Amino acid sequence: MSQSHQQPALAKCPGCEEPPAAGDLFCGVCGYDLSAVPARPDDRPTMAITVPPAAPAAGAAGAAGAVRWPAAEETDSSDVPAPVVRPADVPGTDSGGRPLTGPDAPDATPGRGAGSPAGPLPAGGPGAAAVRVRHDDRADPGGAEASGDFALAAPDPRAADHAAAPASGAKVCVACRSGRVDPDGYCENCGHAQPRERDHMEQELDAVAAVSDRGLRHHRNEDSFAVSSTALPDGSAAVVAIVCDGVSSASRPDEASAAAASAANEALLESLPRGTHPQTAMHEAIVAASEAVNALAREPAGAREHDAHRHQNAPACTLVGAIAAGGLLIVGWVGDSRVYWVPEDRTQPTARLTEDDSWAAQMVAAGLMNEAEAYADERAHAITGWLGADAYELEPHTAAFKPDRPGLVVVCTDGLWNYAESGEEMAAAVPADAGDQPLRAARALVGHALDGGGHDNVTVALLPFAVRPQGAGSACDTA
C-alpha cells in the first residue's frame with residue numbers, strides 16, 4: 001500500500017529564491033515544483049561502513065597503509081545519539097561457517113584467512129600478499145572452500161560422473177550429465193532445456209536409413225520421415241522412403257508432416273504386398289497422406305458458422321517418396337522436396353528425378369528465366385503445390401525409372417538441397433561409402449547442411465539401389 005508524506009514548508013523557492021505562499025505547490029514567480037523538496041542543508045550523508053584490518057601486531061604499530069575507523073558523529077540527523085557498532089560486536093559466521101569473532105575468526109583484511117599473520121597488507125614488493133579473487137577452479141572442482149570460491153548448491157557438472165548409469169526410468173541432462181530432467185523438459189541441476197524427441201531423429205533398416213534434424217535457426221523440427229520395407233507377392237523386397245516438410249506459414253506444420261509421412265507409409269505397406277504396381281501404389285499413398293493432413297483441419301460440428309475462414313491457414317506440408325522394388329525406382333512428390341540419383345560410379349552423371357512445385361520451377365518451365373536466375377529470386381521457394389485443406393487441387397506427381405547401374409537414391413527436404421542444389425553438388429556432398437553405410441552418410445549430409453548455416457530443418461533418407469547383373473535367360477530381363 002502506498003503512503004503519502006507531508007512536505008516541509010520552504011522559506012524560499014529553490015529556483016528564484018522568492019518566498020512562496022503558504023500551501024503553494026508551485027512557485028508563483030518561476031513555476032518551480034515545490035513538491036520536489038531538496039535535502040535539508042544540515043543533513044549529513046550516510047557514512048559508508050568499511051571493514052577495518054585487525055590490530056597490528058607488536059612492532060608493526062604505525063605501519064603505513066593502516067585503515068582506521070572514521071570518527072563517530074555524536075548525533076545523527078534527528079539529534080539522536082548515534083550508535084557506534086563495530087564488526088567485532090556482532091556475532092556471525094562467514095560463508096565457510098567459521099565465526100567472525102573469537103580466536104578462530106579469519107582476518108577481515110582482503111587476502112587473509114584464518115591463521116594469517118595480523119597487520120596491514122604490505123605496500124608492495126616481492127613479499128606483497130595477493131588479494132583473493134573468485135576463481136573458476138576447473139583444475140580442482142572439489143576445492144571450492146580452499147580456493148575461496150563459493151560452493152555450488154547443486155552438484156558441479158564439471159565433476160559429474162558421465163559414465164554413471166541414470167536411475168531406472170529417469171532422464172539425465174544432456175548438458176551437465178548429472179541433473180535429472182523435470183516433466184517440463186528442464187534440468188533440475190543446470191536449468192538447461194532438453195532437446196525434444198523430434199529435434200533429432202534417426203532410423204536405419206537393412207536397406208535404407210534416414211536422419212532428421214531441427215537445424216540451427218528453427219525452434220522446432222517441422223520435418224518428418226518414414227522408412228520401411230516389405231515383400232512383394234513374388235517374395236522380392238520393396239524398400240520405401242517417405243520425407244515430408246511442414247509448411248511453416250501454416251498452423252501445426254509439425255503435425256501435418258508427421259501425419260502425412262505415417263499415412264503414406266502405411267498405405268504403401270498395405271498395397272505393395274497385394275501386388276499393386278509400385279507407381280499406382282505411390283499415387284494412392286500420396287492421396288492417403290493428403291486425406292490425413294486434411295483431417296487435421298476438420299472442425300467440430302457447428303464451428304463452420306463461427307469461422308468462415310477456417311481453411312485459410314490449415315495444416316500443410318510437402319511430400320516426396322521413393323520405392324525400390326522389382327528392379328524399378330518409383331518416385332512421387334507434391335511440393336519442393338526432392339529425389340536425387342547418385343550413381344555408385346561417380347564418373348557417371350547424377351540426376352535430379354523430381355521437379356519442384358514452386359514459383360522458380362514455373363518461371364523456368366515457362367521460359368521466363370533460367371534456373372540460376374529463378375532460384376536466386378526471393379520468391380523462388382514459394383510453393384505452388386502442397387498437401388492440406390487449403391490446397392487448390394491435389395496433383396500427385398509420380399515417375400518410374402529402371403536404373404542400369406547401382407547407385408544411391410537421396411530423398412530430402414530443401415533444408416539439405418539448399419546447400420547442394422545441383423546433382424553434381426549433391427554427389428560431391430554424399431560420402432563415397434554411402435551405399436555400404438547409409439546411416440553414417442545421412443548424418444554426414446545433415447552435417448553438411450548445418451555447416452552451411454542450418455537455416456531450415458534438415459531431413460534426408462538414403463536408399464542404396466543395387467542392380468543384379470543380367471545374363472542370358474535371366475528373370476531380370478523384364479521390368
Side-chain angles (χ1 to χ4, degrees), residues 205 207-210 225-232 234 236-243 264-265 267-268 271-272 275-286 289 318-357 361 364-365 371 385 395-413 416-417 420-427 429-430 434-435 438 441-442 445 460-470 474-479:
L205 302 178
V208 63
F225 68 82
V227 293
S228 60
S229 62
T230 186
L232 300 179
D234 63 359
S236 61
V239 183
V240 173
I242 303 292
V243 168
N265 185 59
L268 289 171
S271 60
L272 289 173
T276 304
H277 189 280
Q279 191 167 359
T280 303
M282 177 62 79
H283 185 279
E284 294 174 352
I286 296 175
T318 68
L319 181 147
V320 66
I323 305 171
L328 294 177
L329 174 60
I330 309 298
V331 299
W333 73 97
V334 174
D336 62 349
S337 294
R338 294 179 175 180
V339 176
Y340 290 84
W341 167 259
V342 179
E344 187 176 278
D345 181 3
R346 299 300 175 86
T347 63
Q348 301 296 323
T350 60
R352 172 155 61 94
L353 306 182
T354 58
E355 293 292 338
D356 300 343
D357 288 324
V364 174
E371 189 165 326
E395 296 182 0
H397 310 289
T398 61
F401 303 89
K402 189 172 184 180
D404 60 354
R405 66 203 66 187
L408 184 73
V409 182
V410 180
V411 186
C412 64
T413 62
L416 172 60
W417 67 252
E421 189 168 335
S422 68
E424 292 73 18
E425 291 173 328
M426 184 62 71
V430 173
L445 288 173
V460 58
L462 298 183
L463 195 163
F465 191 95
V467 175
R468 291 174 294 181
Q470 300 187 16
S474 172
C476 297
D477 289 341
T478 58

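What you see is a predicted model, and the numbers here were worked out from it, not measured in a lab.
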Visitor: With distance as the sole test, does Arg346 use its side chain to make a donor-acceptor pair with the main-chain N or O of Ala427 at under 3.5 Å?
Guide: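 Looks like yes, one N/O pair under 3.5 Å.
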
Visitor: Looking only at non-hydrogen atoms, find the nearest pair between Ala210 and Val227 and report the distance.
Guide: CB-CG1, 3.9 Å

Visitor: Is the closest side-chain heavy-atom distance between Asn265 and Val240 below 4.5 Å?
Guide: yes

Visitor: Determine the sole option in Thr318, Asp356, Asp357, Thr413 for which the side chain to side chain donor-acceptor pair (under 3.5 Å) test with Ser337 is passed.
Guide: Thr318

Visitor: Please test His277 against Leu328 for side-chain contact (heavy atoms from CB on, under 4.5 Å), starting from the C-alpha separation and ending with a verdict.
Guide: CA-CA 10 Å; His277 189 280; Leu328 294 177; 4.2 Å; yes

Visitor: Which atom names give the shortest non-hydrogen contact between Phe465 and Val409, and what distance separates them?
Guide: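 Looks like CB-CG2, 4.4 Å.
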
Visitor: Can you tell me how far the NE2 atom of His397 sits from the NE2 atom of His283, to the nearest 0.5 Å?
Guide: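 Answer rounded to 0.5 Å: 10.0 Å.
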
Visitor: Write down the atom of Val331, the atom of Val339, and the distance for their closest heavy-atom approach.
Guide: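 So the two residues come closest at CG1-CG1, 3.8 Å.
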
Visitor: Thr276 side chain to Ser271 main-chain N or O, any donor-acceptor pair under 3.5 Å?
Guide: yes

Visitor: Can you measure from CG (Asp404) to CD (Gln348) and round to the nearest 0.5 angstrom?
Guide: 8.5 Å

Visitor: Looking only at heavy atoms, what is the nearest atom pair of Cys412 and Val243, with distance?
Guide: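 Between these two residues, the closest heavy atoms are C-CG1, 4.2 Å.
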
Visitor: Identify the heavy atoms of Leu268 and Ile323 that sit nearest to each other, and give their distance.
Guide: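 Result for this residue pair: CD2-CD1, 3.6 Å.
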
Visitor: Kindly compute the distance separating CH2 (Trp417) from CG (Leu445), expressed to the nearest 0.5 Å.
Guide: 15.5 Å

Visitor: Do Val410 and Leu462 have side-chain heavy atoms sitting under 4.5 Å apart?
Guide: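 Contact flag for Val410/Leu462 side chains = yes.
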
Visitor: Mind checking whether Glu424 and Thr350 have side chains closer than 4.5 Å, heavy atoms only?
Guide: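 Contact flag for Glu424/Thr350 side chains = yes.
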
Visitor: Report the distance from atom CD1 of Ile330 to atom NZ of Lys402, rounding to the nearest 0.5 Å.
Guide: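 Ile330 atom CD1 to Lys402 atom NZ measures 11.5 Å (nearest 0.5 Å).
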
Visitor: Would you say Tyr340's side chain and Glu421's backbone share a donor-acceptor pair under 3.5 angstrom?
Guide: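 Side chain of Tyr340 to backbone of Glu421, a donor-acceptor pair under 3.5 Å: yes, one is there.
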
Visitor: Testing the basics here: between Gly327 and Pro403, what is the closest heavy-atom pair and its distance to 0.1 Å?
Guide: O-CD, 4.2 Å

Visitor: CD1 of Ile286 to CG of Leu319: how many Å apart, nearest 0.5 Å?
Guide: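 The CD1 atom of Ile286 sits 5.5 Å away from the CG atom of Leu319.
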
Visitor: Do the side chain of Trp333 and the main chain of Glu355 share a donor and acceptor less than 3.5 angstrom apart?
Guide: yes

Visitor: Do Leu416 and Arg338 have side chains that approach each other closer than 4.5 Å (heavy atoms only, starting at C-beta)?
Guide: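 Side chain of Leu416 against side chain of Arg338, heavy atoms only: no contact under 4.5 Å found.
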
